[in-house]
Amino acid sequence: MANNGDFSFVRTGSIGRHGLPKIQTHHESKEVCHDDSATPVKAKTIDELHSLQKKKSSQPTTPITGTRAPGSPFSAISEEDRQKQQLQSISASLASLTRETGPKVVRGDPRTDGHKAVHVEHHLYDSSLFGLSDSALKFTHILYNLSPAELYEQAIKYEKGSFITASGALATLSGAKTGRSPRDKRVVKDEETENELWWGKGSPNIEMDEHTFLVNRERAVDYLNSLDKVFVNDQFMNWDPEHRIKVRIVSARAYHSLFMHNMCIRPTPEELEDFGTPDFTIYNAGQFPCNRYTHYMTSSTSIDLNLSRREMVILGTQYAGEMKKGLFSVMHYLMPKRQILSLHSGCNMGKDGDVALFFGLSGTGKTTLSTDHNRYLIGDDEHCWSDNGVSNIEGGCYAKCIDLSKDKEPDIWNAIKFGTVLENVVFDEHNREVDYSEKSVTENTRAAYPIEYIPNAKIPCVGPHPKNIILLACDAFGVLPPVSKLSLAQTMYHFISGYTALVAGTEDGIKEPQATFSACFGAAFIMMHPTKYAAMLAEKMQKHGATGWLVNTGWSAGRYGTGNRIKLAYTRKIIDAIHSGTLLNATYTKTEVFGLEIPTEIEGVPSEILDPINTWSDKKAYTDTLLKLGGLFKKNFEVFMNHKIGKDNKLTEEILAAGPIF
Ligand SMILES: Nc1ncnc2c1ncn2[C@@H]1O[C@H](COP(=O)(O)OP(=O)(O)O)[C@@H](O)[C@H]1O
Ligand SMILES: C=C(OP(=O)(O)O)C(=O)O
Ligand SMILES: [Ca+2]
Ligand SMILES: [Mn+2]
């Protein structure tokens with residue numbers, strides 16, 4: 001038996017299995033009849049019994065509580081010194097700018113094992129000399145890289161709205177915000193970023209100055225330091241070992257810590273030992289609002305990115321997707337500086353090593369279609385394309401759950417088990433079965449799970465250069481064909497346009513489809529001008545001979561309200577035909593207005609749906625809707641007319657000519 005402490009003792013004979021004294025007979029007799037056939041526990045008291053329950057961790061994902069002996073293969077310094085160093089580093093991360101020191105941090109949950117603390121005083125400046133306040137007198141307890149089981153317990157004990165569902169997932173509520181708040185994103189404009197980043201009309205980067213960032217940072221840090229305890233995750237982004245980024249996430253909720261545990265790459269114990277200083281730090285004080293009287297603030301939510309300081313501050317939103325997509329923005333800055341293209345796409349690979357990318361805005365099918373039982377999953381949402389091939393940025397997937405069905409999406413369904421964070425779903429109060437059709441909290445219900453929960457995940461999540469580039473659009477107008485083969489110029493035109501159309505809201509009856517154009521299928525996350533990413537994509541596609549495709553995962557036989565969404569089973573058949581190469585050599589015809597090449601037949605798909613005009617009974621309505629959508633594309637592209645894409649004038653001209661013509 002492992003040594004669980006220093007309290008092992010010899011049983012005296014008079015204490016029973018449950019710690020109760022046995023009824024004594026007149027004389028101590030060896031012949032006394034024992035009813036306990038099992039070997040008795042080695043504990044004198046209930047507390048001792050409880051302390052036996054937890055074995056010291058031999059393989060710590062949480063090295064602060066770990067017990068690796070000094071002189072282990074990984075360590076040159078003692079465990080105690082290492083713990084001190086880690087806590088110093090966390091204290092420095094949480095340093096207050098006005099007091100110029102970090103908080104006193106201590107490991108562990110204040111309510112259970114706080115007394116076993118390793119203390120870190122603020123040594124940076126002598127705390128007795130200046131700026132002494134009540135906050136300088138208290139300790140901040142650090143829960144460092146806890147395991148999913150520990151985070152479950154923290155969530156269930158301390159966070160309202162946390163429950164275990166029937167399949168073992170952790171159901172949580174994200175609070176008032178159940179989606180991202182792109183209008184509340186701010187980026188620090190300084191000497192460097194002023195010239196490097198995309199600013200102004202159409203850009204997602206709404207400026208703030210350094211001073212305001214520091215005001216919000218201090219607000220977040222003070223809030224976090226005022227708490228009994230904070231969660232710290234030290235993890236990685238990007239499976240490409242040459243371009244891996246070390247990230248630290250400081251948050252107030254077990255929900256946030258488990259979410260990032262699942263979504264980022266989880267370090268091994270050895271990797272964590274020499275983690276050192278993070279390359280990027282998120283301060284998530286989402287429960288606490290920003291001050292609306294602060295310059296540049298327009299609401300009580302603010303997501304602030306400071307590239308020079310390599311920090312991000314979150315105030316006023318607990319939606320966990322902000323952290324994931326916030327780091328994605330950071331990658332959209334760091335990677336292109338290294339000539340690596342960052343992509344808002346899913347990615348999978350066939351048995352023969354053929355890689356496909358799936359671009360698309362939210363809800364168009366990146367996660368659903370990249371999670372394919374017949375192929376290896378590289379990732380569902382964020383990738384890099386370098387000279388070595390593709391790599392996933394993340395260590396997990398973030399799937400939409402609305403109307404999730406076991407039949408249609410078995411791999412995602414089965415991934416919703418112990419360890420998975422299930423946001424904003426509704427479940428039966430007794431048996432905890434989730435009702436995935438329920439939208440009463442939000443339509444944007446989500447599951448965040450580690451990528452290895454998908455049985456055919458490709459670990460490490462890297463692959464060779466892509467063969468097929470699939471652009472997904474959920475066209476609620478119902479006029480784009482289910483699939484078209486694109487020329488390079490058309491691929492670039494549609495990539496820069498980044499079209500999808502969703503339905504605004506369903507509560508008040510049928511609404512008009514809303515066309516959305518989001519450059520590079522991810523304007524909310526790109527940091528530089530879209531043409532920068534487009535030029536890199538064109539160059540890579542040319543170099544590696546990739547084929548572009550446009551796939552409509554939206555409506556057929558009429559727009560939203562009249563027609564119906566294209567069956568997922570048909571879309572999967574279309575995608576199969578792209579992967580297998582059969583679609584490349586099919587017979588094609590060209591459509592009006594958009595000039596798209598559409599196949600005449602695909603195995604498993606009714607041929608009449610391949611040209612949308614066949615599916616509309618009202619042909620005039622079809623033509624009117626097609627022209628309307630064409631007009632929206634043209635209008636959207638106007639801002640790109642005066643931009644050159646790469647060094648190639650010829651390609652730029654071709655791209656400009658690749659849009660709708662009428
Ligand atoms: N034909 C289809 N193709 C892809 N997804 C479809 C289709 N029909 C319905 N869906 C649903 O649309 C949603 C697509 O969302 P998701 O894959 O999460 O998108 P993304 O990852 O791009 O945000 C899923 O809920 C999926 O079940
Ligand atoms: C994480 C998100 O991305 P997606 O919808 O593309 O999965 C999001 O929009 O919050
Ligand atoms: Ca190492
Ligand atoms: Mn997704």
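Given the structure is predicted, the values throughout are model-derived calculations rather than measurements. All ligand and atom numbering here is 1-based and tracks the order in the structure.
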Quiz item: Quick one: does ligand 1 sit under 4.0 Å from the side chain of Arg565, the backbone, both or neither, non-hydrogen atoms only?
Solution: side chain

Exercise. State the atoms of ligand 1, each with its element, that fall below the 4.0 Å cut-off from a heavy-atom position in Thr368.
Key: 14 (C), 15 (O), 16 (P), 17 (O), 24 (C), 26 (C)

Quiz item: Are Lys400 and Ser362 side-chain neighbours, meaning at least one heavy-atom pair lies under 4.5 Å?
Solution: yes

Self-check item: Closest to atom 14 (C) of ligand 1 among Gly363, Pro482, Ser370, Ser345 (heavy-atom distance)
Solution: Gly363

Quiz item: If you measure from the Lys or Arg side-chain nitrogens to the Asp or Glu carboxylate oxygens, is any gap between Lys324 and Glu394 under 4.0 Å?
Solution: yes

Practice problem: Flag Asp380 as yes when one of its N or O atoms lies below 3.5 Å from any N or O atom of ligand 1, and as no otherwise. | Solution: no

Quiz item: Is there any N or O on Leu369 that sits under 3.5 Å from an N or O of ligand 1?
Solution: no

Self-check item: Short N-O contact, Asp354 and Arg375, less than 4.0 angstrom
Solution: yes

Quiz item: Hey, does Glu409 sit under 4.0 Å from ligand 1 if you only count heavy atoms?
Solution: yes

Practice problem: Examine Thr368 and say whether one of its N/O/S atoms is closer to the Mn ion (ligand 4) than 2.8 Å. | Solution: no

Quiz prompt | Check: Thr371 and Glu409 side chains under 4.5 Å, non-hydrogen atoms | solution = no

Quiz prompt | Contact check, Leu361 vs ligand 1, heavy-atom distance below 4.0 Å | solution = yes

Self-check item: Pair Arg248 + Asp279, salt bridge at N-O below 4.0 Å
Solution: no

Exercise. Taking Asp475 for its side chain and Gly554 for its backbone only, find out whether a donor-acceptor pair lies under 3.5 Å.
Key: no

Quiz item: So is there a nitrogen or oxygen of Ala399 less than 3.5 Å from a nitrogen or oxygen in ligand 1?
Solution: no

Self-check item: Any Ser362 heavy atom less than 4.0 Å to ligand 1
Solution: yes

Practice problem: Measure the acute angle between the ring planes of His544 and Trp385, then classify it against the limits of 30° and 60° as parallel, tilted or perpendicular. | Solution: tilted

Practice problem: Tell me, please: is Lys567 in heavy-atom contact with ligand 1, that is, under 4.0 Å? | Solution: yes

Exercise. Considering the heavy atoms of Thr364, write down every atom of ligand 1 situated less than 4.0 Å from one of them.
Key: 19 (O), 22 (O)

Self-check item: Which of the ligand 1 atoms, numbered from 1, are nearer than 4.0 Å to a heavy atom of Ile566
Solution: 1 (N), 2 (C), 8 (N)

Exercise. Check the angle between the aromatic planes of Phe418 and Tyr152 and answer parallel, tilted or perpendicular using the 30° and 60° thresholds.
Key: tilted

Quiz prompt | Near-ring test Phe328/His344, centroid separation under 6.0 angstrom | solution = yes

Quiz item: So is Gly365 polar-close to ligand 1, meaning N/O to N/O under 3.5 Å?
Solution: yes

